[in-house]
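Notes to accompany the following structure.
Each chain gets a letter, A, B and so on, in the order its sequence line appears, and its residues count up from 1. As the structure is a computational prediction, the values presented were derived from the model and not from experiment.
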2 protein chains.
Amino acid sequence: MTIRLLLGDDEVLVRGALAALLSLEPDLSVVAEASSGTEAAALAPAVRPDLAVLDLEMPPGDGLAAAAEIRARLGVPVVLVTRHARPAILRRALAAGVRGFVPKTTPAVRLAAIIREVHGGRRYVDPDIAAAALNERPCPLTARELEVLRATRHGAPVSEIARAVHLAPGTVRNYLSGAMAKLQAPTRHAAARTAWEQGWI
Amino acid sequence: MTIRLLLGDDEVLVRGALAALLSLEPDLSVVAEASSGTEAAALAPAVRPDLAVLDLEMPPGDGLAAAAEIRARLGVPVVLVTRHARPAILRRALAAGVRGFVPKTTPAVRLAAIIREVHGGRRYVDPDIAAAALNERPCPLTARELEVLRATRHGAPVSEIARAVHLAPGTVRNYLSGAMAKLQAPTRHAAARTAWEQGWI
DNA sequence: GAGCCGTGCTGACATTTGTCATCAGTACCC
DNA sequence: GGGTACTGATGACAAATGTCAGCACGGCTC
């Protein structure tokens with residue numbers, strides 16, 4: 001009895017290659033492919049796969065929302081594949097009900113085994129990321145600080161950030177100042193960069 | 001007679017998947033794999049592949065330098081695979097002697113055919129990118145402006161940029177001002193972002 | 001040779017940004 | 001009830017940044 005897979009990745013070439021890789025296994029078959037999170041979520045109810053393998057980075061929006069929806073609405077277990085495997089992201093993924101968390105540094109030959117594990121009801125989490133997640137410094141930023149930093153990422157001036165977040169410019173500067181102090185960054189752009197690298201935004 | 005391939009990609013999972021994809025073809029065989037540009041360049045002389053398939057984004061450094069070296073030293077044709085397929089990057093790739101330019105939006109089934117084309121002595125360039133390259137606006141920035149923008153990308157303050165580029169802070173501000181005007185960006189960070197998205201830095 | 005452009009610098013100026021103190025309301029915990 | 005933390009704001013101040021003009025040099029072209 002074969003495990004029927006839904007495969008989601010925005011890079012067609014990578015998706016096709018992953019499909020080829022998984023098709024080498026006699027007990028796995030890719031029954032649907034999606035280029036975005038929304039497409040994956042839309043396809044899942046019709047296809048009813050046994051398991052979904054989704055890339056985390058699928059603009060527009062992230063694969064995480066799709067993963068959460070697919071799991072919640074259909075009870076289909078989801079394995080997330082990601083390029084930027086940060087502890088904070090793992091945390092969010094687990095909170096969303098993801099059953100497998102696989103960074104792209106994982107050897108290709110192990111993917112099939114991981115899929116079988118997860119399909120068998122177990123979880124799989126990359127051991128390195130898990131270890132890092134256990135002794136990471138927790139995110140020191142507040143919700144508003146994160147929101148303001150998010151709006152900072154595209155290089156916009158403070159006035160524009162203030163409009164985007166519906167705050168007074170002075171308040172925005174205060175939050176930015178706090179975030180910069182906590183992150184020991186010389187400018188808000190450096191702070192936004194660090195926060196992003198940590199997976200906090 | 002099979003075509004012997006050197007495969008370079010920093011993401012092990014993707015590299016393995018691509019290897020699986022290409023191994024499905026009877027006339028292709030992956031004889032070596034590399035995780036970085038330098039590793040690929042180091043492996044090539046010993047392995048002497050018929051063709052190299054390299055990812056453009058392979059930190060540290062880009063795959064472009066490795067591609068140029070492999071082609072120049074061994075005469076091995078190179079197919080570049082890339083996520084950010086910008087006209088400016090295509091231009092640089094062609095200048096480096098790359099024979100094939102494949103964005104990751106290419107259907108996986110066509111990769112083998114492209115490899116055979118290039119191995120047969122022809123070139124392959126993604127038609128969309130090529131078309132875009134023909135009527136793109138040329139980069140309006142000068143060499144120094146580009147250099148200063150490059151140093152801007154990590155969110156460093158002007159003083160630091162000045163040290164990195166060996167210029168007076170005032171001069172740096174002038175170049176940045178010029179670049180921002182040409183790119184119609186409100187801040188230097190926005191300008192650096194645009195320049196990067198265009199493939200200019 | 002004159003004109004243009006890129007490079008590199010300075011100084012002056014306005015604006016933006018970062019820092020800090022302060023205030024007020026809300027929520028939460030001890 | 002008091003302490004603490006987050007939110008949201010204002011005002012004042014210093015530093016960084018952006019803008020502009022001007023000057024000098026070298027290379028290039030017409």
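Put simply, CD on B/Glu147 is 16 Å from P on C/dG6, counting in whole angstrom units. Remark: P of C/dT17 and OH of A/Tyr175 are 18 Å apart, rounded to the nearest angstrom. The nearest whole Å value for the distance from the CZ atom in B/Arg144 to the P atom in C/dC9 is 9 Å. The separation between B/Leu176 atom CG and C/dC9 atom P is 14 Å, rounded to whole Å. Between the CD atom of B/Glu160 and the C1' atom of D/dA16 there is a distance of 13 Å, given to the nearest Å. Summarising the geometry, the separation between CZ on B/Arg173 and P on C/dG11 is reported as 12 Å, rounded to the nearest angstrom. Rounded to an integer number of Å, the gap from CG of A/Leu149 to P of C/dG18 is 11 Å. Residue A/Leu167 contributes atom CG, which lies 9 Å from atom C1' of D/dT7 at whole-angstrom precision.
The existence of a salt bridge linking A/Arg83 and B/Glu11 is confirmed by a sub-4.0 Å separation between a basic side-chain nitrogen and an acidic carboxylate oxygen. A salt bridge links A/Arg116 with A/Glu25: the distance from a Lys NZ or Arg NE/NH1/NH2 to an Asp or Glu carboxylate oxygen falls below 4.0 Å.
Between B/Thr152 and B/Val172 the shortest side-chain heavy-atom distance does not fall below 4.5 Å. Between B/Lys104 and B/Thr82, every side-chain heavy-atom pair lies at or beyond the 4.5 Å cut-off. Proximity of A/Leu176 to A/His189: side-chain heavy atoms (C-beta onward) are nowhere separated by under 4.5 Å.
Between the axis at the start and the axis at the end of the helix from C/dG1-D/dC30 to C/dC30-D/dG1 there is an angle of 30°, using five pairs per end and rounding to 10 degrees.
Map A/Gly170 and B/Thr171 each onto its nearest nucleotide of DNA chain C; the residue landing nearer the 5' end is B/Thr171.
For the segment residues 177-201 of chain B, the set of residues with a heavy atom within less than 4.0 Å of an atom of DNA chain D comprises B/Ser177, B/Met180, B/Thr187, B/Arg188, in numerical order.
Residue A/Ser159 has no polar side-chain atom (N or O) positioned under 4.0 Å from OP1 or OP2 of C/dT16.
Counting any heavy atom pair closer than 4.0 Å across all strands shown, A/Thr142 reaches sugar-phosphate atoms only and no base atom.
Side chains of B/Ser35 and B/Arg15: a donor on one and an acceptor on the other come within 3.5 Å. A side-chain N or O of B/Tyr124 and one of B/Arg110 form a donor-acceptor pair less than 3.5 Å apart.
Of the residues listed (B/Val31, B/Leu22, B/Leu18), the one engaging B/Leu5 in a side chain to side chain contact (heavy atoms under 4.5 Å, CB included) is B/Leu22, and it is the only one.
Side chain A/Asn174 to base D/dT10: a donor-acceptor pair is found below 3.5 Å.
The shortest non-hydrogen separation linking A/Trp200 to A/Leu146 is O-CD2, 3.8 Å.
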